[in-house]
There are 2 protein chains.
Amino acid sequence: MLSKKCKYAIHALVYLTERYEQGPVQIQDISEKKHIPKKFLEAILLELRHANILESKKGKGGGYYLVKKPTDVNLMQVMRLIDGPIALLPCVSINYYERCDECKNEKSCGIRDSLLSVRDETLQILSDATLAKIVKRERQMKLN
Amino acid sequence: MLSKKCKYAIHALVYLTERYEQGPVQIQDISEKKHIPKKFLEAILLELRHANILESKKGKGGGYYLVKKPTDVNLMQVMRLIDGPIALLPCVSINYYERCDECKNEKSCGIRDSLLSVRDETLQILSDATLAKIVKRERQMKLN
DNA sequence: TAAAAGTCTACTTAATCAGTAGACTTTTAT
DNA sequence: ATAAAAGTCTACTGATTAAGTAGACTTTTA
């Protein structure tokens, strides 16, 4: 399961994508509309800013806004940033690889094989899910 | 990520599958061969027995053995049993469903859609990964 | 009947999750 | 100039879970 932090991050990003290039949005605003604890949200947005996904403007009239293009941010990136590994075991992880004690030979591990497939399929779907696509899908859905 | 407990459970099951219908295998044996802390392994095997995947024999010459057929036990079952939900969010979970506060309308949630795909693909792969297939794959791999 | 096995309850210890508090800095409108 | 509005940053807190451990107990068999 994703952490709540990650879920909040995604929802905040979707909110900011809906307001892309419309000036800064205040934390307070996002917090209220998306029901995310304000203080917690502050920390999350800061993290997204440090990753150069968001930028902020301080002072009155300030707030957060998306600097990357909505087509250039996807769920894989966000999940990796906030929650870390996507793979189900360290021995099939790309960014957090660690050898597995239980098997002498990784090549002949029958478990690894399936979990590699899961990882690949998951990465495929998540990297295809850009903020642009998510928001587009929501707008289309709402027409029905 | 899977818990270590779940990883241990899978490795123990594979070990018992390799010895299917060859009489009980002692905890000590599994523990040593698979490098799993014995006391921890005891708890895991007990859980698998309560789920009617394993059966045990007490007393001297006792141990654990697989009662379900190796074709009837798959990674989806084991992961659900030990770690719980497979889905990445409660709102896309089959067995642990919970409504998501952030979206007014679940149908029009653009995030949900991708995570449903991830869940479906994952379940597909994991339920196809039976103990029989895993062991078969290992045996074939070892020939090379 | 002793030794070998699994069973069960109850700890423990460390890490992570999900936040909160509060002082600080920057910016803008008056 | 300065008050108010905004984000920044460090440090804490409390609850839960992960990963085991201890130890007494029961069952079986040679």
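Residue numbers start from 1 in every chain, and the chains themselves are labelled A, B, ... in the order their sequence lines are given, proteins ahead of strands.
Among the atoms of the strands shown, base atoms are found under 4.0 Å from some heavy atom of A:Glu42. Residue B:Ile27 is in sugar-phosphate contact alone, with no base atom involved, counting any heavy-atom pair closer than 4.0 Å across all strands shown.
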Given B:Glu47 and B:Lys5, is the salt bridge (charged side-chain N to carboxylate O under 4.0 Å, His left out) satisfied, shown in steps?
CA-CA 11 Å; B:Glu47 214 165 318; B:Lys5 189 175 177 184; 3.0 Å; yes

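The NZ-C1' distance, from B:Lys38 to D:dT21, rounds to 12 Å in whole Å. Rounded to an integer number of Å, the gap from B:Glu47 CD to C:dT7 C1' is 14 Å. Separating the NZ atom of A:Lys5 from the C1' atom of D:dA15 is a distance of 17 Å, rounded to the nearest angstrom. Following rounding to the nearest Å, A:Gln28 (CD) and D:dA4 (C1') show an atom-to-atom distance of 15 Å. A straight line from NZ of B:Lys57 to C1' of D:dT26 spans 15 Å, rounded to a whole angstrom. Rounded to whole Å, atom P of D:dT17 lies 13 Å from atom CG of B:Asp83. Whole-Å rounding puts the B:Met1 CE to D:dT17 P distance at 20 Å. Distance, B:Phe40 CZ to D:dA22 P: 14 Å, rounded to whole Å.
The side-chain heavy atoms of A:Leu16 and A:Tyr65, taken from C-beta on, include no pair separated by under 4.5 Å.
Classification of A:Glu106 and A:Arg112 as a salt-bridged pair holds, one side-chain N sitting under 4.0 Å from a carboxylate O.
Taking only side-chain nitrogens and oxygens, A:Ser56 comes nearer than 4.0 Å to OP1 or OP2 of D:dT8. OP1 or OP2 of D:dG7 has not a single side-chain nitrogen or oxygen of A:His50 nearer than 4.0 Å.
Nucleotide D:dT10 has C:dA21 as its partner under the Watson-Crick or G-U criteria, with both atom distances under 3.5 Å. Pair assignment for D:dT27 gives C:dA4, based on Watson-Crick or G-U wobble hydrogen-bonding distances that are each under 3.5 Å.
Out of D:dA19, C:dT7, D:dC9, the shortest distance to the side chain of A:Arg49 is found at D:dC9. Candidate nucleotides C:dT25, D:dG20, C:dG19 were compared by shortest atom distance to the side chain of B:Tyr8, and D:dG20 ranks first.
Relative to the ring axis of A:Tyr15, A:Arg19 places its NZ or CZ within 45° and under 6.0 Å from the centre.
Side-chain N or O atoms of B:Arg137 include one that pairs as donor or acceptor with a backbone N or O of A:Gly110 at under 3.5 Å.
Heavy-atom nearest nucleotides on DNA chain C were determined for A:Lys60 and for B:Gly63, and the one closer to the 5' end corresponds to B:Gly63. With the nearest nucleotide of DNA chain D identified for both B:Lys39 and A:Gly61, A:Gly61 has the one nearer the 5' end.
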